[in-house]
Number of protein chains: 2
Amino acid sequence: MQNDYHHGNLKNALIQAGLAILAQEGVHGLSLRKAAKRVGVSHAAPYAHFADKQALIAAIAARGYQDLYILIYATAQKHQNDPQSLIVETAWAYLQYAIQNTHQFKITFSGVVEKASDYPEFREISMNSFDLVVDGVRACQRAGILQPGDPEMLATSLWAGVHGFTLLLLENQIPSYLLARYSLRQLLLAHLAQLLPGLAHHLV
Amino acid sequence: MQNDYHHGNLKNALIQAGLAILAQEGVHGLSLRKAAKRVGVSHAAPYAHFADKQALIAAIAARGYQDLYILIYATAQKHQNDPQSLIVETAWAYLQYAIQNTHQFKITFSGVVEKASDYPEFREISMNSFDLVVDGVRACQRAGILQPGDPEMLATSLWAGVHGFTLLLLENQIPSYLLARYSLRQLLLAHLAQLLPGLAHHLV
DNA sequence: CACATTAACTTGACAATGTAAAGTTTACCT
DNA sequence: AGGTAAACTTTACATTGTCAAGTTAATGTG
């Protein structure tokens, strides 16, 4: 079977190859042809599964997003009983993931996917993630750690806060003397304390 | 003078052309050759002024950053006497700018410039902007609106909060029912109230 | 003022890329 | 068995980043 027609799993293989390229060479190194070559198909083969380059990138981003979701979900489960550490540890996990998978994270959240809302896979995982945050906020409200109020709005604030902090960090926009003076975890905790009033005593 | 040697202003013209392309076609449409053609020089002319494509993009981003800085600075000046509205209106201006100049904003903050810290122009304007936020935080602390504490750290939190909110909005990651239920200004105010405890009464 | 030097460009070339069109192979259904 | 459609290949083309080698004009230097 020297001609591998009907690969059967090309779509997935291309996404996987894309993730590999992404990890090694960054967004800049991503190309349809390179992914195709890596999988061992002709350079036009991807067009059977992806409308264009953006579609492949979107798929890669969605896959990365799923990984992140799984991590966040597991972390949330582990701290189900303590809403405060639920928030803290999930945020910490989020940050860790972003640092360890910079390219993946950026491709997911930095507008490389030009019209992310066009891709249903992306929309879905995005909504799921948000719901997870909302759940966390509700738990905190029940525990009296967060003041009452529209949970979706609070969740947006919380996420925006953690997300913004993460992105500033990845873009090296956080002053180096802050990074020198405090640990990353301290900075994140301080940032969270700003968002969750009841958290202040967590700070060292 | 049919041959325009020593254009004298090519570097600037290319940046300007880049900004125009960016506004019309987005990041994707940006190319050295297109910018060169727009200015009326040969496709290799840019290499006399920019090491590579990244360098041009970095220059464009820095210019966009400067525009944003000027806007923020002017807004801050206008509300010098009232620290609270200083923060609120600057944040609002920030958000408005991002919405009205989406591509510019993204190119500046979404990692399109791969190693932004390599470009001194970028580093400088970035630091200036941060200092502006620190000043605002200090003013708020003097006015008792923000609790005491490391101003740089608070500034980071504040900026991260506004920045994250802005990016989530640009990436359509803010749930549509929130956008339907509240105005953008309300959402931002609610978000800021989370960051600035004394702000709660501002909310409608 | 002749002349070298150099910065600012142009021309020509090349490889990598996205993408469309047309062909080929294989699986599957009737 | 035969037809149809999906999964691929081949060929082709325009766009692009980048380099190398010219060409031109400004700027000194003797």
Side-chain angles (χ1 to χ4, degrees), chain A residues 1-22 24-61 103 107 111-116 118-119, chain B residues 1-22 24-61 103 107 111-116 118-119:
Chain A
M1 198 186 300
Q2 43 211 46
N3 253 343
D4 237 322
Y5 277 76
H6 297 91
H7 184 293
N9 206 17
L10 220 202
K11 184 168 183 175
N12 227 279
L14 284 170
I15 295 176
Q16 222 60 40
L19 284 170
I21 295 173
L22 194 57
Q24 291 174 23
E25 311 176 37
V27 193
H28 202 70
L30 259 186
S31 87
L32 276 180
R33 294 174 100 111
K34 212 183 282 179
K37 184 167 291 174
R38 209 178 180 101
V39 174
V41 294
S42 81
H43 63 260
Y47 283 88
H49 302 275
F50 300 99
D52 53 12
K53 192 188 181 182
Q54 277 289 310
L56 173 60
I57 293 185
I60 295 174
H103 297 300
I107 218 182
V112 185
V113 184
E114 243 137 303
K115 219 31 201 125
D118 286 358
Y119 302 90
Chain B
M1 200 185 302
Q2 42 210 46
N3 253 343
D4 236 323
Y5 278 75
H6 298 90
H7 184 294
N9 207 17
L10 221 203
K11 184 168 183 174
N12 227 280
L14 284 170
I15 295 176
Q16 222 59 42
L19 284 169
I21 295 173
L22 194 57
Q24 290 174 23
E25 312 176 36
V27 193
H28 202 70
L30 259 186
S31 86
L32 277 180
R33 294 173 100 110
K34 212 183 282 180
K37 184 167 292 174
R38 211 181 179 100
V39 174
V41 295
S42 80
H43 62 261
Y47 282 88
H49 302 275
F50 300 99
D52 53 13
K53 191 188 182 185
Q54 277 290 310
L56 172 59
I57 293 185
I60 295 173
H103 297 300
I107 220 183
V112 185
V113 185
E114 246 139 297
K115 222 24 203 133
D118 287 358
Y119 302 92

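Convention: sequence-line order gives letters A, B, ...; per-chain numbering from 1. Keep in mind it's a predicted model, so treat the numbers as computed, not measured.
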Is there side-chain contact between A:Tyr119 and A:Ile57, with heavy atoms separated by less than 4.5 Å? no
Go through the steps for B:Val112 and B:Leu30 under the test side chain to side chain contact (heavy atoms under 4.5 Å, CB included), then give the verdict. CA-CA 11 Å; B:Val112 185; B:Leu30 259 186; over 6 Å; no
At under 4.0 Å between heavy atoms, how does the protein contact nucleotides 15-21 of chain C? Give one character per nucleotide, 5' to 3', with B, S or -. --BBBB-
Could you state the atom-to-atom distance from [atom1] of [X] to [atom2] of [N] in whole Å?
X       : N      : atom1 : atom2 : result
A:Lys37 : D:dC8  : NZ    : P     : 18 Å
B:Lys11 : C:dA7  : NZ    : C1'   : 14 Å
A:Asn9  : D:dA6  : CG    : C1'   : 16 Å
B:Leu10 : D:dA26 : CG    : C1'   : 16 Å
A:Leu14 : D:dA7  : CG    : P     : 13 Å

Quick check for you: to the nearest 0.5 Å, what is the distance between B:Ile60 atom CD1 and B:Gln16 atom CD? 9.5 Å
What side-chain hydrogen bond (donor to acceptor under 3.5 Å, both in side chains) pairs are there with at least one residue in residues 34-54 of chain B, not counting sequence neighbours?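 Matches after skipping sequence neighbours: B:Glu25-B:Lys34, B:Gln54-B:Glu114.
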Partners passing side chain to side chain contact (heavy atoms under 4.5 Å, CB included) against B:Asp118 (at least two apart in sequence or in another chain):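 Testing B:Asp118 for side chain to side chain contact (heavy atoms under 4.5 Å, CB included), a comparison that skips the adjacent residues, returns B:Lys115.
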Residue list, side chain to side chain contact (heavy atoms under 4.5 Å, CB included) with A:Ala116, at least two apart or on another chain: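 For A:Ala116 the side chain to side chain contact (heavy atoms under 4.5 Å, CB included) partners, ignoring immediate neighbours, are A:Val113, A:Phe122.
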